[in-house]
Amino acid sequence: MGKAIILKSPEEIRIMQEANQIVARILHMLEQRIEPGVTTKQLDRWAEEFAKKRGGKPAFKGYRGFPGSLCVSINEQVVHGIPSKKVVLKEGDIISIDFGVKYKGYFGDAAVTVAVGNVDPVVVNLMKVTKEALYQGIAQAVDQNRINDISAAIQDHVEKHGFSVVRQFVGHGIGSQLHEAPEIPNYSRKERTPRLMPGMVLAIEPMVNVGLSDVRVLKDGWTVVTDDMKPSAHYEHSVAITENGPLILSEFTL
Ligand code: MG
């Protein structure tokens, strides 16, 4: 038995949309500043400053001891990379930036992968397929479907293109806690998974590898890398299930 899924009222969803819009704006701003020569520590500082200006508290800083505000994961790094002034972006890299805030008691959480200048065509395709897989998953985030419909849609799209989904890390419910029930794997499971209903808010986040699906954690205790050291991409949206279908809370809107 999993933990109970906490449903959110329309008012709570409205606040969560505000929280996620802070995240969306920051990711958008960072995307425009990503270029060769920028350090991941600089990205972390920009994210933190901008969040504070908007009234959002960086959610990851200090979470189980995580030392940064922004997760920065380059190339073979999958998720949870630690910002550092020693890590300088260079032409041909890809970087996943994952950011969360707490705002008026609720969390927002989203991630994108960004190319630094020109990158290998295979990696361009990896990014495209991962983003598409996220949206395929979101399309299944409708009343009466099950969590597994989201998982299966993501896995199908990824594997159809010859890539693999990470299994050790999964998406999650989100609300007044950063990580709530249910878990949202990016692969299909045989067991019965929870039925979706309006009021659920889910952070859906495919992590997709060019090579094999296996990953491991580096000695820093955080950085997750692919076992075969091949590139990995990561996209995430926080999505509310409503009577009118999925509402992407973290979609950047002006
Ligand atoms: Mg997340």
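Numbers here simply count residues along the sequence, with the first being 1. Because only heavy atoms are used, hydrogens play no part in the values below, and waters and symmetry mates are left out as well, while side chains stay in. All ligand and atom numbering here is 1-based and tracks the order in the structure.
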Between K41 and D44, is there a salt bridge with N-O shorter than 4.0 Å?
yes

Atom CD of residue position E132 - does it have more than 12 heavy atoms of other residues, nucleotides or ligands inside 6.0 Å?
yes

Is the number of heavy atoms from other residues, nucleotides or ligands within 6.0 Å of CD (E243) greater than 12?
no

For residues N209 and T226, is any side-chain donor paired with an opposing acceptor at under 3.5 Å?
no

Salt bridge E48-R45, side-chain N to carboxylate O under 4.0 Å
no

The Mg ion (ligand 1) neighbourhood, protein N/O/S only, threshold under 2.8 Å:
D109 OD2, H172 NE2, E205 OE2, E236 OE2

Indicate yes or no: does K53 engage E49 in a salt bridge with an N to O separation below 4.0 Å.
no

